[in-house]
Amino acid sequence: KTVSTDARVIAATNASLDREVASGRFRSDLYYRLNVVTIAVPPLRERRDDVPLLAEAFLREAAIVQGSRSLRLGSEAIKALSAYDWPGNVRELKHVIEEAALMADGPVLVPENLRVFRGSNADSGPVGLPLKDAMAEPEKEHIVRTLEKCEWNCSAAAHSLGVSRTTLYSKINKFEIVIPRKGRPSEKAGER
């Protein structure tokens with residue numbers, strides 16, 4: 001029995017399909033089946049006016065998800081965000097804003113709250129450590145800051161970090177992070 005359907009296929013790519021078809025790396029028959037309406041979305045570096053609008057939207061979304069106070073972007077942060085090239089495009093912007101919302105000390109975000117503008121000074125990092133240890137230190141600090149912001153609630157911290165609780169506990173044990181317990185002396189995560 002023939003069943004009629006009405007379907008639309010939405011496909012996205014960062015490749016130039018015209019060039020891919022011409023070089024033989026993409027099937028021309030598939031290209032002509034898919035290519036009904038083309039919407040070209042340029043990268044953020046080519047549409048800098050969209051950056052403040054997207055950043056504000058991501059900040060509102062992060063505040064709702066994190067249940068945090070209302071935050072806003074300061075004028076210097078907006079200028080800095082708009083000037084940055086965003087090699088990771090919209091995903092990178094979203095992650096930077098989510099982290100800033102979680103880590104902000106005050107109601108107004110400034111460039112120092114945004115990780116893409118922190119640590120640009122080469123002399124500020126650890127010197128003389130093996131590469132593996134030097135790279136682990138910022139990760140440990142980020143986990144500790146997130147745990148502190150989440151009042152040491154591991155479920156909330158894991159959610160904010162975008163990892164499972166199991167992964168978070170593994171990192172806590174790996175970095176020997178001490179979790180304070182109410183009414184009890186501090187203990188490591190694995191000593192429950």
Side-chain angles (χ1 to χ4, degrees), residues 14 41-127 129 131-180 189:
N14 63 353
V41 181
L44 278 181
R45 67 182 169 275
E46 293 177 16
R47 51 191 174 108
R48 294 183 191 275
D49 291 344
D50 289 352
V51 172
L53 299 171
L54 287 167
E56 294 282 355
F58 293 146
L59 188 57
R60 282 192 302 273
E61 184 181 302
I64 291 168
V65 169
Q66 296 171 10
S68 62
R69 64 206 181 281
S70 64
L71 295 168
R72 65 180 181 83
L73 288 165
S75 60
E76 292 301 313
I78 291 172
K79 285 180 196 170
L81 289 168
S82 298
Y84 186 66
D85 277 342
W86 299 108
N89 222 347
V90 176
R91 266 193 208 98
E92 182 184 11
L93 173 61
K94 183 175 184 180
H95 292 165
V96 165
I97 295 298
E98 286 174 349
E99 180 190 16
L102 184 67
M103 302 307 211
D105 293 329
V108 179
L109 297 184
V110 295
E112 292 75 28
N113 296 128
L114 307 166
R115 74 167 164 235
V116 291
F117 306 109
R118 286 194 314 256
S120 57
N121 181 358
D123 296 333
S124 64
V127 178
L129 288 176
L131 183 59
K132 180 180 168 189
D133 296 338
M135 296 189 68
E137 192 59 31
E139 183 180 8
K140 177 182 179 180
E141 289 172 8
H142 182 64
I143 291 169
V144 169
R145 282 195 313 266
T146 303
L147 284 163
E148 287 171 347
K149 290 284 184 180
C150 293
E151 298 178 352
W152 298 95
N153 179 318
C154 289
S155 295
H159 178 75
S160 292
L161 292 166
V163 299
S164 69
R165 279 185 13 185
T166 305
T167 299
L168 178 58
Y169 286 130
S170 172
K171 299 273 187 191
I172 288 169
N173 287 326
K174 173 184 171 185
F175 295 127
E176 298 180 347
I177 297 170
V178 177
I179 299 179

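Since the structure is predicted, the reported quantities are computational estimates derived from the model, not experimental observations. We use all heavy atoms of the structure for the numbers below, so side chains are in, but hydrogens, waters and symmetry mates are not.
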Inset, instruction - Drop me the distance from Thr167's OG1 to Ile172's CD1, to the nearest 0.5 angstrom. - result: 11.0 Å
Inset, instruction - Using the test side-chain contact (heavy atoms from CB on, under 4.5 Å), find all partners of Ala55 that sit at least two apart in sequence or belong to another chain. - result: Leu73, Leu81, Leu93, Ile97
Inset, instruction - To the nearest 0.5 Å, tell me how far Ile177 CD1 sits from Leu168 CG. - result: 7.5 Å
Legend entry - Listed once per pair and sorted, the side-chain hydrogen bond (donor to acceptor under 3.5 Å, both in side chains) pairs that draw on residues 51-61, sequence neighbours left out: Glu61-Lys94
Inset, instruction - Kindly write out the residues that satisfy side chain to side chain donor-acceptor pair (under 3.5 Å) with Ser82, not counting sequence neighbours, or none if the list is empty. - result: none
Legend entry - ring-ring contact (aromatic ring centres under 6.0 Å, His included) against Tyr84, all qualifying residues, sequence neighbours excluded: Trp86, Phe117
Inset, instruction - State the CG-CG distance between Asp49 and Leu44, to the nearest 0.5 angstrom. - result: 11.5 Å
Legend entry - side chain to side chain donor-acceptor pair (under 3.5 Å) involving Asp50 - partner list, sequence neighbours excluded: Arg47
Legend entry - Backbone of Pro87 reached by a side-chain donor or acceptor of Asp85 within 3.5 Å: no
Legend entry - By side chain to side chain donor-acceptor pair (under 3.5 Å) - contacts of Asn89 (at least two apart): none
Inset, instruction - Check side-chain contact (heavy atoms from CB on, under 4.5 Å) between Ser170 and all other residues, then give those that pass, not counting sequence neighbours. - result: none
Legend entry - For Thr146 against Met103, the heavy-atom pair lying closest together: OG1-CE, 3.3 Å
Legend entry - salt bridge (charged side-chain N to carboxylate O under 4.0 Å, His left out) partners for Arg165, two or more places apart: none
Inset, instruction - Determine whether Lys171 and His142 make a side-chain contact, defined as any pair of heavy atoms from C-beta on separated by less than 4.5 Å. - result: no
Legend entry - Under the side-chain contact (heavy atoms from CB on, under 4.5 Å) test, residues paired with Glu46 that sit two or more places apart: Pro42, Pro43
Inset, instruction - Report the residues that fulfil side-chain contact (heavy atoms from CB on, under 4.5 Å) with Val108, sequence neighbours left out, ordered by chain and then residue number. - result: Arg72
Inset, instruction - Identify the two heavy atoms, one from Ala104 and one from Leu71, that lie closest to each other, and give their separation to 0.1 Å. - result: CB-CD2, 4.3 Å
Legend entry - Salt-bridge contact Glu76-Lys79 (side-chain N to carboxylate O under 4.0 Å): yes
Inset, instruction - Taking all non-hydrogen atoms of both residues into account, name the closest pair between Leu147 and Ala157 and its distance. - result: CD2-CB, 3.6 Å
Legend entry - Any side-chain heavy-atom pair of Lys140 and Glu176 under 4.5 Å: no
Legend entry - His95 NE2: over 12 foreign heavy atoms closer than 6.0 Å: yes
